[in-house]
Amino acid sequence: DEQPGRYKIRSLALAEAGRHQIRLAEHEMPGLMALRDEYRETRPLAGARIAGSLHMTVQTAVLIETLVTLGADVRWASCNIFSTQDEAAAAVVVGPHGSPGDPQGVPVFAWKGETLEEYWACTEQVLVWPGDDGRTGPNMILDDGGDATMLVHLGLQYERAGVVPPDTLPGEPDHTEEMNVVRRLLRRALDADPLRWTEIAAGILGVTEETTTGVHRLYQLAEAGELLFPAINVNDSVTKSKFDNRYGIRHSLPDGINRATDVLVGGKLAFVAGYGDVGKGAAEAFRGQGARVVVSEVDPICALQAAMDGYQVARIEDVLDQADFFITTTGDKDVIRAEHMAAMKDKAVVGNIGHFDNEIDMAGLARVPGVRRTEIKPQVHEWTFPADGDRPERSVIVLSEGRLLNLGNATGHPSFVMSTSFSNQTIAQVELFTDARRPPDERRYGRQVYRLPKVLDEKVARAHLGALGARLTELSPEQARYIGVPVEGPYKPEHYRY
Ligand code: NAI
């Protein structure tokens with residue numbers, strides 16, 4: 001269903017199903033619900049126009065409606081072509097008080113199974129506020145992976161230069177199909193309205209970024225002196241990366257594998273590339289299911305951690321003919337390449353749970369001579385390699401076309417852990433938006449990347465303890481003095497690593 005400028009989703013008829021799921025999710029998201037209670041009256045986001053680019057799931061619906069409760073005007077797109085839960089998108093558009101015949105909620109431009117063109121057009125939609133000449137933009141971005149932020153930066157860069165670079169051809173060094181889609185979109189935008197990105201960029205007061213990959217992009221922009229507005233790195237709140245990236249993956253990786261393949265994990269050999277936060281959760285999930293786990297790392301510290309946690313540390317080449325599952329968690333590119341896949345065990349399952357699809361060389365796979373692709377079901381494909389020499393025909397099962405499988409093949413992380421992440425997002429939005437309205441000489445945030453102060457991190461954790469029946473011990477004033485921390489926190493120095 002579509003109403004131009006207002007929404008574009010699978011079907012408004014799914015709204016009721018989505019609303020039931022949102023209601024249950026709210027019960028599992030105590031941090032967000034506590035923030036609603038805390039700020040319902042003062043509405044610190046009144047006046048904020050938030051452009052959101054983050055997986056349009058049930059949990060995200062609770063985030064969106066929290067931002068609205070705090071006073072914000074919101075538009076939303078997903079940050080992945082496969083991650084939208086269509087019923088959640090419908091419920092958000094209809095809103096808690098609307099009906100499919102009379103939608104009263106938030107504009108959403110997202111559905112499961114977008115093409116790349118559609119994906120970027122949706123991202124553009126959330127950056128343009130309707131109503132006047134189409135030049136009013138958001139004043140805040142809430143990003144996951146940095147695509148919305150990148151579009152604004154690239155748009156401005158090309159607009160200043162007065163030209164969008166030509167598309168590259170397949171095989172040229174900087175060719176990616178996706179970058180060409182972005183360039184075409186920006187070329188059309190430049191032709192239609194030569195000042196649009198200048199005005200949109202000028203209106204943005206800040207961005208809050210959800211994930212490791214997006215944060216990485218922000219630090220690169222800040223180092224180059226090109227970051228256009230202040231940014232809060234939500235990912236590196238302890239209550240985000242040490243929870244969502246780890247415990248969320250521990251839940252949603254097996255969920256994605258099970259829904260996609262229903263292959264038994266116990267007794268098998270699982271290979272996990274990367275032993276950062278996501279890799280730790282992935283390895284633990286496989287072990288919990290009774291698999292033997294082999295980990296690869298480039299960082300000696302993480303490699304040593306993996307070894308001390310009891311995993312074999314090896315290279316992918318060492319286990320190609322042995323492992324039953326190959327999962328990448330690195331945020332790096334070309335981690336699983338075509339030549340790897342061609343050498344894997346018959347029917348090995350290959351998946352990526354990092355952010356972008358370039359962790360697995362899908363383009364290279366498609367170029368293997370004689371390779372065949374069979375759709376088993378949406379987001380599950382068998383790639384068959386022809387017999388060569390004494391190797392008979394064999395195949396690998398690739399999940400979500402190389403894109404993040406927990407959101408492509410399942411529904412992403414569960415609500416409780418997303419409540420910790422999204423509480424940080426909400427607090428970060430309030431923090432940046434409030435700061436931007438202070439007189440310039442009293443502002444705390446410039447065009448750099450910041451993390452939330454530790455007391456706020458502790459506040460997020462505190463909000464989630466009660467629901468788990470956890471009872472926190474309180475320091476006595478003497479104890480607090482003895483270990484040198486305030487009774488009410490923060491309890492650790494900035495450099496503490498958890
Ligand atoms: P991290 O930086 O903690 O861990 C990544 C690890 O991969 C590092 O230890 C690094 O040394 C290692 N690595 C890099 N290149 C490698 C290579 N070629 N071979 C083996 N290891 C290599 O990052 P984190 O937080 O674990 O995130 C990883 C990715 O997952 C990011 O792209 C992030 O955006 C994404 N992510 C995905 C989620 C999901 O729901 N699917 C949730 C959270 C994060």
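Order of listing sets the numbers, starting from 1, for every ligand and every atom in it.
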Quiz item: Which bit of Asn406 gets closer than 4.0 Å to ligand 1, counting heavy atoms only: side chain, backbone, both or neither?
Solution: side chain
Quiz prompt | For Gly274, atoms of ligand 1 separated by under 4.0 Å from a heavy atom | solution = 7 (O), 20 (C), 21 (N)
Self-check item: Min heavy-atom dist Gly412 to ligand 1 below 4.0 Å
Solution: no
Self-check item: Interatomic distance, Leu32 atom CG to Asn424 atom CG [nearest 0.5 angstrom]
Solution: 10.0 Å
Quiz item: Is the Tyr450 ring parallel, tilted or perpendicular to the Tyr445 ring (thresholds 30°, 60°)?
Solution: perpendicular
Self-check item: Proximal candidate to atom 36 (N) of ligand 1 [heavy atom criterion; set Asp144, Ile301, Thr211]
Solution: Thr211
Self-check item: Any N or O of Ala273 closer than 3.5 Å to N or O of ligand 1
Solution: no
Exercise. Taking atom types as modelled, find out whether Ser78 and Ser83 have a side-chain donor-acceptor pair closer than 3.5 angstrom.
Key: yes
Exercise. Please could you name the atoms of ligand 1 that His413 approaches to less than 4.0 Å, counting only its heavy atoms?
Key: 40 (O), 42 (C)
Practice problem: Using side chain to side chain contact (heavy atoms under 4.5 Å, CB included) as the criterion, point out the one residue from Gln59, His27, His251, Glu28 that pairs with Phe416. | Solution: Glu28
Exercise. Please work out whether any backbone atom (N, CA, C, O) or any side-chain heavy atom from C-beta onward of Leu404 is under 4.0 Å from ligand 1, and answer side chain, backbone, both or neither.
Key: side chain
Quiz item: If you count the atoms of ligand 1 from 1 in the order shown, which ones are under 4.0 Å from a heavy atom of Asp244?
Solution: 42 (C), 43 (C)
Quiz item: Non-hydrogen atoms of Ser241 versus ligand 1: any pair closer than 4.0 Å?
Solution: no
Quiz item: Heavy-atom contacts under 4.0 Å between Asp332 and ligand 1: side chain, backbone, both, or neither?
Solution: side chain
Quiz item: Should you measure from each heavy atom of Cys302, which atoms of ligand 1 turn up under 4.0 Å away?
Solution: 9 (O)
Exercise. Just go through Thr213, Asn352, Asn235 and tell me whose heavy atom is the nearest to atom 32 (O) of ligand 1.
Key: Thr213
Quiz item: Does Thr328 have a non-hydrogen atom less than 4.0 Å from ligand 1?
Solution: no
Quiz item: Given Gly408, Gly146, Gly354, which one has a non-hydrogen atom that is nearest to atom 30 (O) of ligand 1?
Solution: Gly354
Self-check item: Protein residue, atom and distance nearest to atom 28 (C) of ligand 1, heavy-atom basis
Solution: Thr329 O, 3.2 Å
Quiz prompt | Short N-O contact, Asp324 and Arg292, less than 4.0 angstrom | solution = no
Quiz item: Which is closest to atom 14 (C) of ligand 1 in terms of heavy atoms, Val417, Thr330, Ile336?
Solution: Thr330
